[in-house]
Number of protein chains: 2
Amino acid sequence: MRKRARRGQRSTQDPFAVIASNLSRLVEPVLLYLLATDQAHYGYQFLEAANDFAITDAAIDAGVIYRTLRGLEETGYVVSSWAPSASGPAKRIYELTPAGLAHLKRWAAVLEQRGRAMVYFAHLCADL
Amino acid sequence: MRKRARRGQRSTQDPFAVIASNLSRLVEPVLLYLLATDQAHYGYQFLEAANDFAITDAAIDAGVIYRTLRGLEETGYVVSSWAPSASGPAKRIYELTPAGLAHLKRWAAVLEQRGRAMVYFAHLCADL
DNA sequence: GTAAGCTATATGTAAAGTACATATAGGGAG
DNA sequence: CTCCCTATATGTACTTTACATATAGCTTAC
């Protein structure tokens, strides 16, 4: 990673918070997508990949990624196993389950609907 | 209002929470928009109008509306005044300020960008 | 006249979610 | 040996949200 993942300041400052910054819960579908497309299979790799991702322009917090991955495992959308590394610490490798892929598809349907509604709303506002 | 605004259950249940349910912070731009278009000028009216609104399909919590309106007033995006009612309790009437309109425009720009990103992402997922 | 029900605003509080900090540890470069 | 990068994990304060509840004016039905 090029940079030490600068912390995205928000909360009291940024009024567009949830949608504009980290897109909060969208971390979940992004992780599932990266897994589904073999772009990432462990935490640190997700951290790099997710930060280059379109929907999320701010740096994603490492803590959020590791905790989200654990949550996905608890609900059975991913499974994990340890893989020793030749150079560096061991990695926890994640794999997508069929249930996880189905969950990603549901996310896609929701995001499409909501995304369209947001664009539509934006156009309504632009006409003011 | 036809119905007593059934509470939108989510949290532990609904995994699509933020985006799928109340769209959380989107309450703010929706309120500003309703004000800008003279569709609502006080809390209870926002409650009715916002629930018929496209982006938010779940019932919006009254507490969130009143607190959001107060927040908008603190930041100078709206101003309020009391208006007595011939039939029923007094209403706190809100008006949009120029700063509030500008804020709504900024919201629109953000929502358009994010909405497009979400639709794009949804299509990526659909191809899996 | 009083109880029920609608309009209307407001706040208390527990739970959930996020940001930021920090702890731990393996391995390579100098 | 020290510094830095990779890699995972957790503590915690803060913010946001959901849901409940309190208050009160007015209207309609009994």
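Worth knowing before you read on, the calculation uses all heavy atoms, side chains too, and leaves out hydrogens, waters and symmetry mates. Naming: A, B, ... by sequence-line order, numbering from 1 per chain.
Using a 4.0 Å heavy-atom distance criterion, B:Arg67 is classed as a base contact.
OP1 or OP2 of C:dA8 lies within a sub-4.0 Å distance of a side-chain N or O belonging to B:Tyr42. Put simply, B:Tyr66 has a side-chain N or O that comes within less than 4.0 Å of OP1 or OP2 on C:dT9.
Computed from coordinates, the B:His41 NE2 to C:dT9 P distance equals 13 Å when rounded to whole Å. The distance from atom CG of B:Asp61 to atom C1' of C:dG12 is 13 Å, rounded to the nearest whole Å. Rounded to an integer number of Å, the gap from OH of B:Tyr94 to P of C:dA8 is 14 Å. Computed from coordinates, the B:Glu48 CD to C:dC6 C1' distance equals 11 Å when rounded to whole Å. In this structure, CZ of A:Phe46 is placed 10 Å from P of D:dT8, rounded to the nearest angstrom. Distance, A:Tyr44 OH to C:dA25 P: 19 Å, rounded to whole Å. One can place CD1 of B:Ile65 at 13 Å from P of D:dT17, the figure rounded to the nearest angstrom. Nucleotide D:dC5 holds its P atom 14 Å from the CG atom of A:Leu47, rounded to whole Å.
Residues from residues 85-92 of chain B placing a heavy atom under 4.0 Å of any atom in DNA chain C, listed by number, are B:Pro89, B:Ala90, B:Lys91, B:Arg92.
In this structure, the side chains of A:Phe121 and B:Pro29 come closer than 4.5 Å at one or more pairs of heavy atoms.
Applying the side chain to side chain donor-acceptor pair (under 3.5 Å) test to every pair with at least one member in residues 78-90 of chain B, sequence neighbours left out, gives these pairs: B:Glu73-B:Ser80, B:Ser80-B:Arg92.
Taking the side-chain hydrogen bond (donor to acceptor under 3.5 Å, both in side chains) definition, one finds that A:Asp127 meets it with nothing, sequence neighbours left out. The side-chain contact (heavy atoms from CB on, under 4.5 Å) check on A:Tyr42 picks up A:Tyr44, A:Gln45, A:Lys91, A:Ile93, with sequence neighbours excluded. For A:Thr75, the side-chain contact (heavy atoms from CB on, under 4.5 Å) criterion is met by A:Tyr77, not counting sequence neighbours. Under the rule for a side-chain contact (heavy atoms from CB on, under 4.5 Å), the partners of A:Thr68 that lie at least two apart in sequence or sit in another chain are A:Val27, A:Glu28, A:Leu31, A:Val64, A:Leu72.
Under a 4.0 Å N-O distance rule, the pair B:Arg116/B:Glu112 qualifies as a salt bridge.
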